[in-house]
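A quick write-up on the structure given underneath.
Treat the numbers as computed from the prediction; the structure is a model and nothing was measured.
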Amino acid sequence: GENVEQHPSTLSVQEGDSAVIKCTYSDSASNYFPWYKQELGKRPQLIIDIRSNVGEKKDQRIAVTLNKTAKHFSLHITETQPEDSAVYFCAARDSGGYNKLIFGAGTRLAVHP
Amino acid sequence: KAGVTQTPRYLIKTRGQQVTLSCSPISGHRSVSWYQQTPGQGLQFLFEYFSETQRNKGNFPGRFSGRQFSNSRSEMNVSTLELGDSALYLCASSSGGGGSYEQYFGPGTRLTVT
């Protein structure tokens, strides 16, 4: 089955810096890769996603890149702000299972003013 | 549109009891997936329901079960609760078809087993 690894587990940056979180997946047939942001005590929130037929997608300060050959995808946050502090999860859609998402272990991002 | 709702938000149960959790998806969405979130295991897929049928299941014991009603609302049931079942149970709503894979989570039910 699909396996997703996420690095780093924690990330600390200064406000205004960029942050990059990386994930690798094992199933080359996976075709959908979402990213979720989870603030303390709140639900995971879908912030951006990418499909396997696209190499990069941007939405304001966040972007996701996908390298299908290497089976890895990354989240890029530019001009970080304190409100970006949260746990970020990457996920890959299991190729055998409709809406089954396999999640990475999460990255705790701290943005210091 | 109203978002995904889950009830109850908090539950405390004793080992050996059973529990039923409820999820109402976004209006028009026909797919409901359930996930268990724990500090040790992260987010793990339990099962997915679409049009009242379970179409995928994760690696959880048979004590975990679910169902979906004709209005797309879903319930999950855990029987013979164990201490290790303490977790945040999240449901996610998706349209379920037409190549649309986006899933939107509810606020979760925090289950504590004592």
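- Linking ILVMFWY side-chain heavy atoms closer than 4.5 Å, directly or via other members, places B:Val113 and B:Phe60 in a single hydrophobic cluster.
- You'll find the side chain of B:Gln103 stays beyond 4.5 Å of the side chain of A:Leu46, heavy atoms only.
- Neither the backbone nor the side chain of A:Pro34 comes within contact range of chain B; no heavy atoms are under 4.5 Å apart.
- A:Phe73 and A:Ile21 end up in the same hydrophobic cluster when Ile, Leu, Val, Met, Phe, Trp and Tyr side chains are linked at under 4.5 Å.
- The minimum heavy-atom distance linking A:Asn99 with B:Ser100 is given by the pair OD1-O, 4.5 Å.
- Looking only at side-chain heavy atoms (C-beta outward), A:Lys100 and B:Phe47 stay at 4.5 Å or farther from each other.
- A continuous path of Ile, Leu, Val, Met, Phe, Trp and Tyr side chains, each step under 4.5 Å between heavy atoms, connects A:Tyr25 with A:Trp35, placing both in one hydrophobic cluster.
- In this structure, A:Phe103 and B:Tyr35 have side chains that are in contact, with non-hydrogen atoms separated by less than 4.5 Å.
- Residue A:Lys22 qualifies as open at atom NZ: its count of foreign heavy atoms under 6.0 Å is 12 or below.
- Counting non-hydrogen atoms of other residues, nucleotides and ligands closer than 6.0 Å to CG of A:Leu40 gives a total of 12 or fewer.
- The most heavy-atom pairs under 4.5 Å with chain A, out of B:Gln41, B:Arg110, B:Gln44, B:Gln37, come from B:Gln37.
- Linking ILVMFWY residues whenever their side-chain heavy atoms come closer than 4.5 Å, directly or via other members, leaves B:Tyr10 and B:Leu81 in distinct clusters.
- Residue-environment remark: CD (A:Glu83) exceeds the threshold of 12 foreign heavy atoms within 6.0 Å.
- Geometrically, A:Arg43 does not engage B:Phe105 in a cation-pi contact defined by less than 6.0 Å to the ring centre and at most 45° from the axis.
- Looking only at side-chain heavy atoms (C-beta outward), A:Asn31 and B:Tyr101 come within less than 4.5 Å of each other.
- B:Leu43 touches chain A through backbone and side chain together, each having a heavy atom under 4.5 Å away.
- Atoms OH and CD, on A:Tyr98 and B:Glu48 in that order, are 8.5 Å from each other to the nearest 0.5 Å.
- Only the side chain of A:Gln38 comes within contact range of chain B, judged by heavy atoms closer than 4.5 Å.
- A:Leu101 and A:Leu66 fall into different hydrophobic clusters, where Ile, Leu, Val, Met, Phe, Trp and Tyr are joined by side-chain heavy atoms under 4.5 Å apart, directly or via other members.
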